*Asks:* 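The structure that follows is given in the form of structure tokens.
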Number of protein chains: 2
Amino acid sequence: MPIDLRPGQALRLLHEVNLCLVRDGDFDLSARQMTILLTVYLEPPPHTVRGLATRLNVTKPAITRALDTLGNMKLLTRKRDEADRRNVIIGRTVEGALYLDQLGNLITVKARGLPR
Amino acid sequence: MPIDLRPGQALRLLHEVNLCLVRDGDFDLSARQMTILLTVYLEPPPHTVRGLATRLNVTKPAITRALDTLGNMKLLTRKRDEADRRNVIIGRTVEGALYLDQLGNLITVKARGLPR
DNA sequence: ATAAATAGTAACGGAGCCGAAACGAAGAAT
DNA sequence: ATTCTTCGTTTCGGCTCCGTTACTATTTAT
């Protein structure tokens, strides 16, 4: 049985979640940064700069800069690939996992409170 | 019967929607701009700069600038309140309604395709 | 060994957004 | 009529992000 979420409900859900993030936002991630974060945490590793660039259809420098930001926020880590030292492997952190955990819970709670 | 969307599913849904928006994004709205747009279209009018500022917990200039951007994108309009000419009333547009319509449909489709 | 390809980053100029403060216009209070 | 308040905008310096281009380091091909 698939999730049945009508368009009006979807927008309302998005609205409530966005309101929480904007109002009490500790972090203020752009759509691009959020997408990178979700990709790293939800899709199977390994993740590289090049891989993310093609997956998101943006340039490599854009990924590098986003990784700088997300790295400063401790949401992600970078380390050299020892097998092929040209590559950089993007890894997960406790803080990043916690952040997404809270975000997922927020959405769940808001979805539960949605009018029929 | 409330919508039952587990945290993991919520993050996956957010991921897929974000991917679409980032990859083929005509517009690239910030979280704040998106929240303003949703507030104007989902909450009952009238909407003013001051009202949005307090609702989103941001400064008035931030709202003014976001309205500039959203206005240039034709997603929103501004007009003077003739009753109290200090106020500016923020209104909806066909383009804005269409944009949110498509967004709602996108979320619905992605939700339907979510694994159980 | 040398050349070519690949991965990631730095440098550059430009554009957009930020909060704080100042501003002008409109209304309310006295 | 003159102050006082409210509303939205503008201005200011600062910060972040953007895409393009150029660069270094590493690996592969010849």
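Throughout, protein chains are lettered first and strands after them, A, B, ... in sequence-line order, and every chain is numbered starting at 1. Everything quoted here is computed from the prediction, not taken from an experiment.
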*Asks:* Please collect all ring-ring contact (aromatic ring centres under 6.0 Å, His included) contacts where either partner lies in residues 81-116 of chain A, sequence neighbours excluded, each pair once.
*Replies:* A:Phe27-A:Tyr99

*Asks:* Of all nucleotides in DNA chain C that come within under 4.0 Å of a heavy atom of chain B, which is furthest toward the 5' end and which toward the 3' end?
*Replies:* C:dC17 to C:dG27

*Asks:* Is any side-chain heavy atom of A:Val40 less than 4.5 Å from a side-chain heavy atom of A:Leu76?
*Replies:* yes

*Asks:* Which whole-number value in Å describes the distance from A:Asn72 CG to D:dC15 C1'?
*Replies:* 14 Å

*Asks:* Which protein N or O atoms sit under 3.5 Å from an N or O of nucleotides 9-14 of chain D?
*Replies:*
from  : atom 1 : to      : atom 2 : distance (Å)
D:dT9 : OP1    : B:Arg78 : NH1    : 2.9
D:dT9 : OP2    : B:Thr64 : OG1    : 3.0
D:dT9 : OP2    : B:Arg78 : NH1    : 3.2

*Asks:* Starting at the 5' end of DNA chain D and moving along, which residue's nearest nucleotide shows up first, B:Thr48 or A:Thr69?
*Replies:* B:Thr48

*Asks:* Listed by chain and number, what are the salt bridge (Lys or Arg N to Asp or Glu O under 4.0 Å) partners of A:Arg92, not counting sequence neighbours?
*Replies:* none

*Asks:* Does the pair B:Asp4 and A:Arg112 meet the rule for a side-chain contact (heavy atoms from CB on, under 4.5 Å), with working shown?
*Replies:* CA-CA 6 Å; B:Asp4 183 30; A:Arg112 202 177 304 277; 4.0 Å; yes

*Asks:* Are the side chains of A:Val88 and A:Thr64 in contact, using a 4.5 Å heavy-atom criterion?
*Replies:* no

*Asks:* Identify whether any heavy atom of B:Ser30 sits under 4.0 Å from a base atom; if not, whether one sits that close to sugar-phosphate; answer base, sugar-phosphate or nothing.
*Replies:* nothing

*Asks:* Are A:Val49 and A:Asn87 close enough that some pair of their side-chain heavy atoms sits under 4.5 Å apart?
*Replies:* no

*Asks:* In the structure I gave you, are the side-chain heavy atoms of B:Met73 and B:Leu29 within less than 4.5 Å of one another anywhere?
*Replies:* yes

*Asks:* Starting at the 5' end of nucleotides 23-30 of chain D, put B wherever the base has a protein heavy atom under 4.0 Å, S where only the sugar-phosphate does, and a dash everywhere else.
*Replies:* ---BS---

*Asks:* Rounded to the nearest 0.5 Å, what separates atom OG1 in B:Thr48 from atom CZ in B:Arg78?
*Replies:* 12.5 Å

*Asks:* Which atom pairs, one a donor and one an acceptor, fall under 3.5 Å between side chains of residues 10-20 of chain A and the rest of the protein, sequence neighbours left out?
*Replies:*
from    : atom 1 : to      : atom 2 : distance (Å)
A:His15 : NE2    : B:Glu43 : OE2    : 2.9

*Asks:* Report yes if some heavy atom in the side chain of B:Gln9 is under 4.5 Å from a heavy atom in the side chain of A:Ile3; otherwise report no.
*Replies:* yes

